[in-house]
Amino acid sequence: MLDKSYEPQNKENAIYKKWEENSCFKPASDLNKESNKENFTIIMPPPNITGQLHIGHALNNTTQDFLIRYKRMKGYNTLWIPGTDHASIATEVKIIDALKKEGLSKEKLGREEFLKRAWQWNEKYGGRIKLQLKSLGCSCDWDRCAFTMDDQRQKSVLHVFKQLYDEGYIYRGEKLINWCPTCKTALSDAEVEHVDENSNLWYIRYPYADKSGHLVVATTRPETIFGDVCVAVNPNDERYKDKIGKEVTLPIINKKIPIISDDYVEKDFGTGVVKITPAHDFNDYEVGKRHGFEPIKIMNLDGTMNECCAKYANLDRYQCRKELIEDLKSLDLIEKIEPYVLPKATCYRCHNAVEPMMSKQWFMDMQEMAKLGLDAVDNNELEIVPNRVQKIYRNWLENIKDWCISRQLWWGHRIPAFYCKDCGNTMVELKKPETCTKCGSSNIEQDPDVLDTWFSSALWPFSTLGYPDDTKDLKTFFPTSILVTAQDIIFFWVARMVMLSKKIMGKTPFSKVLINGIVRDDEGKKMSKSSNNGVDPIEIIEKYGADSLRLSLMFGNGTGNDFRFSEEKILEDRKFINKVFNSGKFLELVLSQTYETKLDVTKLNIFDKWIYTKLSEAIEEINKFIDSLDVCQAVNKMYSFVWDEFCNYYLEFLKPYVYSDDQNTRANACAILKDVYLNILKLLHPIIPFITEDIYSNFTHQFLINQNYATSIGTFEKESKDVEKIISLIQKIREVRLSYNVAPSKRITLVVDKSNISKDSLNIVNESKLVLSKMTNIEKIDLLDNIDDDSIKFVSELGEFYFYKNEVVDTEKEREKINKDIEKIIAEIKILESRILNPNFVSRAPQQLVEKEKSRYEYLLNSKNSLEEKLKNLK
RNA sequence: GGGAGAUUAGCGCAGUUGGUAGAGUACCUGCCUUACAAGCAGAGGGUCAUAGGUUCGAGUCCUAUAUCUCCCACCA
């Protein structure tokens with residue numbers, strides 16, 4: 001028995017449990033079942049364990065689950081691997097915050113204790129995430145669930161690191177890198193975010209060393225003057241040509257530095273003179289290198305100034321700036337101060353200012369890697385949907401710099417580099433070496449740093465399948481089929497997976513990437529942890545059910561377009577599920593009042609043939625849409641087929657038959673209804689898995705999740721067209737009844753002019769007598785040889801029909817109505833004339849179209865004439 | 001500074017080879033018709049941001065402009 005009404009809240013968890021217990025999420029190959037088709041594999045983008053999932057994750061995972069469920073029913077050997085990401089820096093930031101509240105710090109706790117905390121954190125939040133995914137109905141194989149820090153994934157990371165080191169792609173060196181003084185770690189370029197900040201451009205006087213006056217330097221960072229190695233001008237700048245080679249004296253510390261020329265300097269910006277601080281600015285670093293200057297470090301890693309900065313040593317850089325400006329002012333060395341907006345580099349995790357700093361770090365050489373990534377799209381090994389995103393991907397790879405992969409953090413994969421403390425030898429090994437390979441000393445220490453969290457993510461498509469071990473999974477499921485992800489991690493993640501998969505595995509990790517849109521809140525703002533407007537999917541699921549949430553996320557939103565989330569939309573979309581549920585109730589009711597026979601295909605009436613044709617068309621269209629990853633359109637089609645065609649028409653067509661007095665008619669009608677309905681459940685299962693499973697098992701005592709996808713008995717063109725004509729007749733009758741204000745309860749007579757209707761039309765009308773009377777409240781159909789002049793005439797595709805005037809009446813309404821119709825027709829005639837009377841159209845448009853328009857034109861002219869005549873005869 | 005997307009009915013949106021603008025929701029009218037009032041039947045509502053262009057024909061292709069959003073970016 002189905003529930004009294006649609007109430008998903010208490011059922012979904014139980015259904016999910018049943019699926020799990022019955023290994024429904026396993027690939028067929030695991031269960032030694034034959035699967036008739038190839039593999040279909042998705043590796044889930046692992047959510048960070050920093051917190052819980054929001055609606056954006058729900059959208060992402062619903063899309064994946066939709067595809068997996070669809071392919072599973074299509075007979076593919078499907079595997080969806082779930083997992084979570086340790087999110088090195090993000091998690092560490094969170095844990096440090098939590099420690100702060102306890103009055104603790106990372107340092108006080110020590111590395112070992114800190115890592116214990118991190119693992120506890122993982123238990124808690126990783127667990128919550130899994131629960132959320134299950135609530136959403138994700139049919140992933142939990143036995144294969146992976147975590148970027150679990151043993152197998154650690155093993156993958158070590159192997160890849162060692163291989164790339166041995167091959168020379170990974171190296172260690174001192175370079176200018178992005179440093180977060182708050183998180184106290186290096187960052188990659190991708191981890192730096194630029195935000196506009198209102199600041200100033202300070203014009204500082206640098207006196208010439210020979211005291212012959214001064215140069216004015218414009219800078220946004222006055223506090224870095226202590227690290228200046230020279231000042232630069234453009235070689236073609238007439239103002240300064242004769243000054244090149246002279247020296248200026250740095251204020252405060254009175255150090256002499258030369259004036260050099262470099263093309264990098266723009267004549268038109270500021271004063272055309274740039275101070276060069278190689279240790280604290282990326283451009284200056286390049287300029288300094290070109291001219292052979294050693295960078296001078298002036299900052300400590302915590303963002304305070306160091307001993308090079310005279311009395312400002314140990315001041316924070318911003319405090320230093322403030323005091324320095326005051327001091328320069330009192331020395332009359334500030335020419336002027338202009339307000340200036342500059343893009344400030346900030347840390348993508350803590351959002352504090354990032355400093356370029358000289359530091360010894362590990363890097364990955366990206367030149368060759370980038371080429372691999374570009375090849376993937378150039379050779380069509382990788383398709384990105386929507387296509388425009390490919391440009392972003394390509395642009396990033398074309399401008400890539402070496403990747404700084406070491407982080408001064410504790411939570412992450414410890415770099416497998418070991419240093420001999422006696423001779424300084426570096427060894428990269430999977431295990432700590434007992435003795436130094438060079439000097440034999442046993443005084444060996446491991447590098448304290450960990451890897452960028454995205455290093456392990458980059459290996460995800462093969463680490464999850466068991467790399468570096470030669471596993472069956474790796475052989476069977478790599479490369480995977482499709483990646484579904486969000487646009488904002490295309491650099492962090494997608495590009496790096498492609499590069500490293502090609503490098504390590506020799507193959508592109510997936511052939512397609514589907515980029516889903518960004519979820520916004522109901523005010524249109526991006527949902528994110530930082531803006532704190534995220535919505536917990538579980539909250540929504542508890543209120544409306546997972547099916548409602550899933551449907552709402554996928555319905556009526558262009559695939560890849562941004563999505564505006566609102567509870568109102570869920571309420572609207574939930575109605576569809578209610579509709580599906582209630583049509584199931586109807587089937588149940590009808591079955592309870594009859595006995596069932598085997599479906600007799602030879603006994604289909606025109607309505608049955610129509611719905612099967614419609615079902616075929618729907619299946620075909622939906623398949624096409626899903627194959628082109630247009631999930632939105634697929635769901636739109638499901639919606640209109642089920643609601644409009646099945647519920648609104650077919651169920652009504654069917655009623656006279658399922659309530660028929662003839663047992664056989666009744667039994668067959670029920671069997672057909674059941675067949676169509678069960679196929680609809682199959683059709684809908686990928687989008688609303690719980691309710692469809694619940695109803696399906698209620699009728700069949702079988703799992704729906706593992707059934708084959710929907711099929712139809714066939715298509716019947718003639719009957720299908722006939723029924724379309726009946727539908728238009730029904731609509732016409734309803735319209736006419738309403739326009740004459742005939743009470744819905746009033747049963748009236750439909751009149752047919754015997755001499756003026758085709759045999760075919762008459763047959764169709766006869767066959768649909770029952771249906772017509774039920775759906776339009778027609779009492780009887782009169783076939784007459786002569787029609788009274790004052791009968792109410794209307795035209796449908798089946799021919800001309802009439803109502804008796806005394807049953808319908810009201811001349812005034814009639815006149816109004818006819819006038820309105822004529823107006824409409826005239827408008828359309830005008831449009832058609834503009835074409836048909838245009839010789840260009842007639843000669844250049846496709847012949848078929850021309851014919852069609854012409855006959856439509858004829859038809860409209862006739863209709864217009866007869867209506868005008870009608871109007872004349874109206875008394 | 002560079003790039004991308006958006007602009008369609010009151011609202012939030014769909015519309016892939018160019019061929020008379022679509023569903024949902026809201027509003028209006030009439031219905032508690034034995035699956036469903038979370039429903040049924042019907043009506044109204046749009047020079048598809050603006051201006052040009054290509055074409056027999058443009059929401060759809062091209063070029064500008066405007067507004068909004070996002071991404072990238074070292075002009076000190």
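The sequence lines fix the lettering, A, B, ..., with proteins before strands; numbering per chain opens at 1. Hydrogens, waters and symmetry mates play no part in the numbers below; they use all other heavy atoms, side chains included.
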Hey, is the side chain of [X] poking within less than 4.0 Å of OP1 or OP2 on [N], counting only N and O atoms?
{"X": "A:Trp643", "N": "B:C40", "answer": "yes"}
{"X": "A:Lys391", "N": "B:G5", "answer": "no"}
{"X": "A:Lys579", "N": "B:C40", "answer": "yes"}
{"X": "A:Tyr639", "N": "B:A14", "answer": "no"}
{"X": "A:Tyr659", "N": "B:A35", "answer": "yes"}

[X] side chain, from C-beta outward: closest of [options]:
{"X": "A:Phe841", "options": "B:A76, B:A43, B:G19", "answer": "B:G19"}
{"X": "A:Arg564", "options": "B:A35, B:C13, B:A73", "answer": "B:C13"}
{"X": "A:Asn648", "options": "B:G30, B:A41, B:A35", "answer": "B:A41"}
{"X": "A:Leu589", "options": "B:A35, B:G5, B:C72", "answer": "B:A35"}
{"X": "A:Asn582", "options": "B:U20, B:A35, B:A76", "answer": "B:A35"}
{"X": "A:Ala845", "options": "B:G30, B:G19, B:A76", "answer": "B:G19"}
{"X": "A:Thr219", "options": "B:A76, B:A14, B:A35", "answer": "B:A76"}
{"X": "A:Arg835", "options": "B:U20, B:U69, B:A38", "answer": "B:U20"}
{"X": "A:Asp630", "options": "B:A35, B:U16, B:G5", "answer": "B:U16"}
{"X": "A:Phe491", "options": "B:C72, B:G24, B:A76", "answer": "B:C72"}

With sugar-phosphate meaning primed atoms plus P, OP1 and OP2, does [X] contact a base, only sugar-phosphate, or nothing at under 4.0 Å between heavy atoms?
{"X": "A:Ser583", "value": "base"}
{"X": "A:Pro386", "value": "nothing"}
{"X": "A:Phe282", "value": "nothing"}
{"X": "A:Gln633", "value": "sugar-phosphate"}
{"X": "A:Phe646", "value": "nothing"}
{"X": "A:Phe576", "value": "nothing"}
{"X": "A:Arg574", "value": "base"}
{"X": "A:Arg520", "value": "sugar-phosphate"}
{"X": "A:Asn561", "value": "sugar-phosphate"}
{"X": "A:Val265", "value": "base"}
{"X": "A:Glu572", "value": "sugar-phosphate"}
{"X": "A:Leu651", "value": "base"}
{"X": "A:Gly272", "value": "base"}
{"X": "A:Glu286", "value": "nothing"}

Does a side-chain N-to-carboxylate-O contact under 4.0 Å join [X] and [Y]?
{"X": "A:Arg205", "Y": "A:Glu335", "answer": "yes"}
{"X": "A:Arg221", "Y": "A:Glu355", "answer": "yes"}
{"X": "A:Glu197", "Y": "A:Lys344", "answer": "yes"}
{"X": "A:Asp237", "Y": "A:Lys267", "answer": "no"}

Quote, to the nearest angstrom, the [atom1] distance that separates [N] from [M].
{"N": "B:C40", "M": "B:U47", "atom1": "C1'", "value": "35 Å"}
{"N": "B:A9", "M": "B:G45", "atom1": "C1'", "value": "6 Å"}
{"N": "B:A26", "M": "B:A64", "atom1": "P", "value": "43 Å"}
{"N": "B:A73", "M": "B:G2", "atom1": "C1'", "value": "7 Å"}
{"N": "B:G10", "M": "B:U55", "atom1": "C1'", "value": "35 Å"}

Requested in this report: Please tell me which of A:Pro846 and A:Ile518 maps to the more 5' nucleotide of RNA chain B, matching each residue to the nucleotide holding its nearest heavy atom.
Outcome: A:Pro846
Query raised in the report: Want to settle it: does A:Leu201 or A:Glu7 sit nearer the 5' end of RNA chain B, counting the closest nucleotide to each?
Result: A:Glu7
Nearest-Å distance for atom pair [atom1]/[atom2], residues [X] and [N]:
{"X": "A:Asn578", "N": "B:A38", "atom1": "CG", "atom2": "P", "value": "9 Å"}
{"X": "A:Tyr348", "N": "B:C71", "atom1": "OH", "atom2": "P", "value": "15 Å"}
{"X": "A:Lys569", "N": "B:G12", "atom1": "NZ", "atom2": "P", "value": "14 Å"}
{"X": "A:Asn395", "N": "B:A4", "atom1": "CG", "atom2": "P", "value": "10 Å"}
{"X": "A:Phe581", "N": "B:G39", "atom1": "CZ", "atom2": "C1'", "value": "15 Å"}
{"X": "A:Lys830", "N": "B:G57", "atom1": "NZ", "atom2": "C1'", "value": "19 Å"}
{"X": "A:Gln487", "N": "B:G3", "atom1": "CD", "atom2": "P", "value": "17 Å"}
{"X": "A:Ile490", "N": "B:A4", "atom1": "CD1", "atom2": "C1'", "value": "12 Å"}

Could you let me know what [N] is paired to, Watson-Crick or G-U wobble, both distances under 3.5 Å, or none if it's on its own?
{"N": "B:G18", "value": "none"}
{"N": "B:C70", "value": "B:G3"}
{"N": "B:C32", "value": "none"}
{"N": "B:G45", "value": "none"}
{"N": "B:G59", "value": "none"}
{"N": "B:G10", "value": "B:U25"}
{"N": "B:A64", "value": "B:U50"}

Query - Crowding at CD, A:Glu568 (>12 non-hydrogen neighbours, <6.0 Å) - result: no
Examine the side chains of [X] and [Y] and answer whether a donor and an acceptor come within less than 3.5 Å of each other.
{"X": "A:Glu191", "Y": "A:Ser188", "answer": "yes"}
{"X": "A:Asp627", "Y": "A:Asn623", "answer": "no"}
{"X": "A:Thr224", "Y": "A:Lys275", "answer": "yes"}
{"X": "A:Asn178", "Y": "A:Asp189", "answer": "yes"}

Query raised in the report: Could a donor-acceptor pair under 3.5 angstrom be found where the side chain of A:Lys585 meets the base of B:C36?
Result: no
Query raised in the report: When the ring planes of A:Phe586 and A:Tyr659 are compared, do they come out parallel, tilted or perpendicular, using 30° and 60° as the limits?
Result: perpendicular
